[in-house]
Amino acid sequence: RRERKREPEGLRPELANESGESVEDRNKWAVLTLYEALNARDVERVQQLLAPDIEWWFHGPPEHQHMMRMLTGADYEETTAATAFQFKAERVAAFGSTVVAEGSGPDADTAWVHAWTIAPDGIITQVREYFNTSLTITRVAADSASKSAASWSAHCTPVWESRRPERAGKSFPGLVLAI
């Protein structure tokens, strides 16, 4: 993994460089940097990476709202930093401004998927969080405005599917996210 220098002004100057990196690489780097900051409880760095009005959407059992507790500081009230949930991304993929990260809980019977939206300036503006939910991401073609279901499905291509933890031993509801 590449190390980047930290700029006091935050992420925006780093992402505006002319290094030849793809948008997807820069967006993946932003999300991986966010996980590092969250797991280290580096509030200043988290604030640099996230929009102040980030949109958060959650699907899963309420007891697994770990990201919400981290972002609001509630996890410190409920647990110590040593026992708080850690997000360790096992798979990361980028599709333009959307970055998808997947991991499992420490007991390996929970699975999570985050779909992050990154603005052109490198700031994360949205997270869709799925716990114990199977997720398929589908890219919808721009010309799929036809009202025919058969026509629409022909332009709707799956580009990513989550994996269920091997030891979960249970089925998960499935959702499709269209990007």
Side-chain angles (χ1 to χ4, degrees), residues 1-7 9-40 42 45-60 64-68 70-71 85-105 110-144 152-165 172 174-179:
R1 188 172 64 199
R2 247 182 329 202
E3 292 295 320
R4 294 185 184 236
K5 65 181 183 175
R6 289 182 137 168
E7 296 285 340
E9 273 60 72
L11 187 62
R12 289 177 185 105
E14 293 172 340
L15 291 180
N17 68 31
E18 299 295 326
S19 68
E21 284 185 314
S22 71
V23 170
E24 285 85 2
D25 286 343
R26 289 183 284 163
N27 290 344
K28 284 175 25 179
W29 176 82
V31 168
L32 291 171
T33 301
L34 176 66
Y35 286 126
E36 289 176 7
L38 286 168
N39 290 336
D42 183 346
R45 190 66 174 147
V46 169
Q47 289 175 340
Q48 291 172 344
L49 294 162
L50 297 178
D53 60 346
I54 188 168
E55 181 183 335
W56 174 71
W57 188 87
F58 178 83
H59 183 275
H64 291 299
Q65 292 182 347
H66 304 293
M67 181 65 68
M68 183 271 306
M70 284 181 163
L71 295 178
F85 193 89
Q86 297 275 306
F87 285 103
K88 297 188 189 310
E90 297 162 4
R91 285 193 330 158
V92 179
F95 307 97
S97 64
T98 301
V99 175
V100 182
E102 178 179 37
S104 57
T110 59
W112 56 266
V113 177
H114 293 148
W116 302 94
T117 302
I118 295 89
D121 65 358
I123 299 301
I124 298 168
T125 59
Q126 182 184 64
V127 60
R128 291 171 301 258
E129 184 174 23
Y130 306 91
F131 252 88
N132 289 353
T133 302
S134 177
L135 184 67
T136 299
I137 296 182
T138 304
R139 187 177 304 251
V140 180
D143 64 344
S144 63
W152 184 82
S153 64
H155 297 283
C156 192
T157 308
V159 294
W160 187 89
E161 291 185 18
S162 60
R163 299 178 189 159
R164 191 171 59 91
F172 291 156
L175 292 175
V176 175
L177 173 63
I179 56 172

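Any value given below was found using the heavy atoms of this structure, including those in side chains, with hydrogens, waters and symmetry copies removed.
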Close side-chain approach of Val31 and Val100, heavy atoms under 4.5 Å: no
Nearest-0.5 Å distance, CD1 of residue Ile124 to OG of residue Ser97: 12.0 Å
Stepwise side chain to side chain contact (heavy atoms under 4.5 Å, CB included) test for Trp29 and Glu21: CA-CA 11 Å; Trp29 176 82; Glu21 284 185 314; 5.8 Å; no
Ring geometry between Phe85 and Phe131 (parallel below 30°, tilted from 30 to 60°, perpendicular above 60°): perpendicular
pair Ile118-Arg26: side-chain heavy atoms closer than 4.5 Å: no
Minimum side-chain heavy-atom gap Ile123-Ile54 below 4.5 Å: no
Least distance between heavy atoms, Val99 atom then Ala94 atom: CG2-CB, 4.1 Å
Contact check, side chains of Asn39 and Met70, non-hydrogen atoms, under 4.5 Å: yes
Heavy-atom donor-acceptor pair, Asn27 side chain to Gly96 backbone, under 3.5 Å: yes
Nearest heavy-atom neighbours spanning Lys28 and Ala93: CD-C, 4.2 Å
Pairwise distance CD(Gln86) to CG(Leu38) - rounded to 0.5 angstrom: 9.5 Å
Exercise: identify the closest heavy-atom pair between Gly122 and Ala30: O-CB, 4.2 Å
Heavy-atom check, side chain of Val46 versus side chain of Leu34, under 4.5 Å: yes
Non-neighbouring partners of Trp116 that pass side-chain hydrogen bond (donor to acceptor under 3.5 Å, both in side chains), sequence neighbours left out: Tyr35
Check: Phe87 ring centre within less than 6.0 Å of Trp112 ring centre: yes
Minimum-distance pair of heavy atoms, taken over all atoms of His64 and Phe58: O-CE1, 3.5 Å
Any residue meeting side-chain hydrogen bond (donor to acceptor under 3.5 Å, both in side chains) with Gln126, in chain and number order, not counting sequence neighbours: Glu55, Thr117, Arg128
Thr133 and Val113, any side-chain heavy atoms less than 4.5 Å apart: no
Check: Glu102 and Glu90 side chains under 4.5 Å, non-hydrogen atoms: no
side-chain hydrogen bond (donor to acceptor under 3.5 Å, both in side chains) against Gln47, all qualifying residues, sequence neighbours excluded: none
Distance, nearest 0.5 Å, that separates CH2 of Trp56 from CG of Leu71: 8.5 Å
